[in-house]
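Shown next, in structure tokens, is the structure this report addresses.
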Protein chains: 2
Amino acid sequence: MARSTKSPKSRITPRSSSTGRGPGRPAKFNRETALETALQTLWKRGYVGASASALSDAMGIERSSFYNTFLGREALFREILKLYGQITPDRPLGQITLGQAVTPVVEKVFRDVCRVRAADPESKGCLMVNSIVMLVGNDPALAPEIVGAVQRQIQVFEALLQQAARQGEIPVPKDMRAAAYTLTIFLIGLNVISKVENKEAVLWASCRHQLSNLGFQIKK
Amino acid sequence: MARSTKSPKSRITPRSSSTGRGPGRPAKFNRETALETALQTLWKRGYVGASASALSDAMGIERSSFYNTFLGREALFREILKLYGQITPDRPLGQITLGQAVTPVVEKVFRDVCRVRAADPESKGCLMVNSIVMLVGNDPALAPEIVGAVQRQIQVFEALLQQAARQGEIPVPKDMRAAAYTLTIFLIGLNVISKVENKEAVLWASCRHQLSNLGFQIKK
DNA sequence: TGATTATTGGTCACTTCTGTACAAAACACG
DNA sequence: CGTGTTTTGTACAGAAGTGACCAATAATCA
């Protein structure tokens, strides 16, 4: 492999260019902006397909600055995953409070997923789902983080279904775990197929069908 | 990129070692066996992660023989995709004849997917699904083949649902297209999540749930 | 202003990958 | 047994990637 497996020598935490000022030469780039660019690049090309050079080029910085600031591809990717977790369209699912109606949130999230994925001209799909496929089973260092995220997603869906059932929004599923898995599986599949089918209406029709089948009352 | 994008010079079709005998030095390897090995390697590491060297090494042949026999990574991958199409557990879906009961085939296919994916110690998932994620949007040469396969899968599900409805096995779906998409999406998601969850019973419980919701009568 | 400090820009040494070229090897056939 | 044919082994030239190293630069701070 041209992309070697050895990890960069760990270093004292860099000042991180945009975090206020201090002694030393100022960085020529904005850390947040660079991170955003890195997110786009890693999302589009995947962790495997985005080299340190490609990332540095995209960010408009030298490779030396790249290593100095982000400590390497792996560390950067972990940071990117956190960042992605804050902008992913399914984020609201994990923020439902007790007593709150579940259905509108679920509907909105699936609608948003359809809208956002269909609107992406690059059809990048979901970074997390892409990462499952590319890294689990091939990258022992990063896989655990990905696997953990999936398991949390399942738990979120399970809690959410329980709440919806308790609040009478849906009939009580015979097998709560299975229902939670079903939703997770569907959401994953939806993100994948959005790379092939980019018509929002088609995607949403399928979501409507799926959510209705689970007992959610989706308005026309 | 270390993995350049230029394609190898096209050549006169090689004799393909195991196809009978003829003049010239005999190949030291069996083409079918080598293809099987290449399938495993490409399946495990993905098209992006499997270099010509890695493939040659796995097959136990020199890189010169690799290029001579398979003409390069891309041509090999196309061949591998065809091969995979013949061993994929969902193959029977496309072979249902008119008048034949749909439900048992659908049930068996999903059962088989759960069984096969859960039994795979390497959790490779589905080569086709993995390829959607890794290649669509990033490899203009190979993407069309993948996209076509997905579209055919959707059509297969649509025809199959129509037949099932006509034969009274399931209630007529309000939106046939949406139902077909739903099944496709679920099958894709199932293959992805099998990389994270390898307990057959868990996977199958979710399939049961999903198929029941679509109206299929699944036996306990 | 001088000491301190962090980023930059460039280079080094190394690995892996790419596709091509060609002589040597090993067979079939007349 | 020589001729033709095909695969093999090895080498080549070039591209791209890896992380480390270090002098120059450009700030802050005393």
Side-chain angles (χ1 to χ4, degrees), chain A residues 1-31 33-34 41-42 45-77 139 141, chain B residues 1-31 33-34 41-42 45-77 139 141:
Chain A
M1 266 185 286
R3 197 129 337 122
S4 137
T5 178
K6 77 175 162 182
S7 43
K9 187 183 285 182
S10 70
R11 240 198 44 123
I12 309 92
T13 311
R15 190 181 51 214
S16 119
S17 29
S18 79
T19 306
R21 306 151 56 95
R25 179 173 175 172
K28 304 183 107 176
F29 66 98
N30 179 276
R31 196 177 206 278
T33 308
T41 306
L42 282 163
R45 320 207 352 190
Y47 180 71
V48 184
S51 66
S53 322
L55 288 165
S56 309
D57 284 356
M59 299 191 229
I61 66 179
E62 290 293 327
R63 225 152 45 79
S64 70
S65 300
F66 172 80
Y67 280 109
N68 185 48
T69 308
F70 302 108
L71 308 180
R73 265 180 358 120
E74 185 184 321
L76 170 63
F77 189 66
D139 194 311
Chain B
M1 263 183 290
R3 199 135 329 128
S4 141
T5 178
K6 76 174 162 182
S7 44
K9 186 182 289 182
S10 71
R11 240 198 44 123
I12 309 91
T13 312
R15 190 179 54 213
S16 121
S17 29
S18 79
T19 305
R21 306 150 58 93
R25 179 172 173 172
K28 302 181 108 176
F29 66 99
N30 179 276
R31 197 178 204 276
T33 308
T41 306
L42 283 163
R45 321 207 351 190
Y47 180 70
V48 184
S51 66
S53 321
L55 288 165
S56 308
D57 282 357
M59 300 191 229
I61 66 179
E62 289 296 324
R63 223 154 45 79
S64 67
S65 300
F66 171 80
Y67 280 108
N68 184 47
T69 308
F70 301 108
L71 309 179
R73 256 170 20 107
E74 186 185 320
L76 170 63
F77 189 65
D139 193 312

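Below, chain A is the first sequence line, B the second, and so on; all start at residue 1.
- Considering only side-chain N and O atoms, B:Ser51 lies nowhere under 4.0 angstrom from the phosphate OP1 or OP2 of C:dT16.
- In this structure, the CG atom of B:Leu55 is 16 Å from the P atom of C:dT16, given to the nearest Å.
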Dot-bracket encoding of pairs in DNA chain D, which uses [ ] for pseudoknotted crossings and | for another strand, Watson-Crick or G-U under 3.5 angstrom:
||||||||||||||||||||||||||||||

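- Across the protein-nucleic acid pair, B:Leu71 atom CG and D:dT6 atom P stand 14 Å apart, rounded to whole Å.
- Shortest non-hydrogen contact noted between B:Ala50 and B:Arg73 is O-NH1, 2.8 Å.
- Taking 4.0 angstrom as the limit, A:Ser53 places none of its side-chain polar atoms (N or O) nearer than this to OP1 or OP2 of D:dA16.
- Residues meeting the side-chain contact (heavy atoms from CB on, under 4.5 Å) test with B:Ala141, sequence neighbours left out: B:Glu74, B:Arg78, B:Asp139.
- The side chain of A:Phe29 lies closest to C:dT8 when the candidates are D:dG4, D:dT7, C:dT8.
- In this view, B:Ser53 and B:Ser51, B:Arg63 satisfy the side-chain contact (heavy atoms from CB on, under 4.5 Å) rule, not counting sequence neighbours.
- As a whole-Å value, the separation of A:Arg45 CZ from D:dA16 C1' is 12 Å.
- Within residues 56-66 of chain A, the residues that have a heavy atom under 4.0 Å from DNA chain C are, in order of number, A:Glu62, A:Ser64, A:Ser65.
- In this structure, A:Arg73 reaches the D:dT18 phosphate: one of its side-chain N or O atoms is under 4.0 Å from OP1 or OP2.
- When the nucleotides C:dA26, D:dT28, D:dA26 are ranked by their closest atom to the side chain of A:Pro23, D:dT28 comes out on top.
- Heavy-atom minimum distance, A:Met59 versus A:Phe70: SD-CE1, 3.8 Å.
- Checking D:dT25, C:dA26, D:dG9 against the side-chain heavy atoms of B:Lys28 singles out D:dG9 as nearest.
- One can place CZ of B:Arg25 at 10 Å from P of D:dT7, the figure rounded to the nearest angstrom.
- How far CG of A:Leu76 is from CG of A:Leu71: 9.5 Å, rounded to the nearest 0.5 Å.
- Here OG1 of A:Thr41 is found 9.5 Å from CG of A:Asp57. Values are rounded to the nearest 0.5 Å.
- Computed from coordinates, the A:Glu74 CD to D:dT18 C1' distance equals 14 Å when rounded to whole Å.
- Partners of A:Thr33 under the side chain to side chain donor-acceptor pair (under 3.5 Å) rule, at least two apart in sequence or in another chain, are A:Asn30.
- From A:Leu42, atom CG reaches atom CZ of A:Phe77 across 6.0 Å, with rounding to the nearest 0.5 Å.
- Annotation: side-chain contact (heavy atoms from CB on, under 4.5 Å) contacts of A:Ser65 (sequence neighbours excluded): A:Phe29, A:Ile61, A:Glu62.
- Rounding to whole angstrom units, CZ of residue A:Arg31 and P of C:dA6 are separated by 15 Å.
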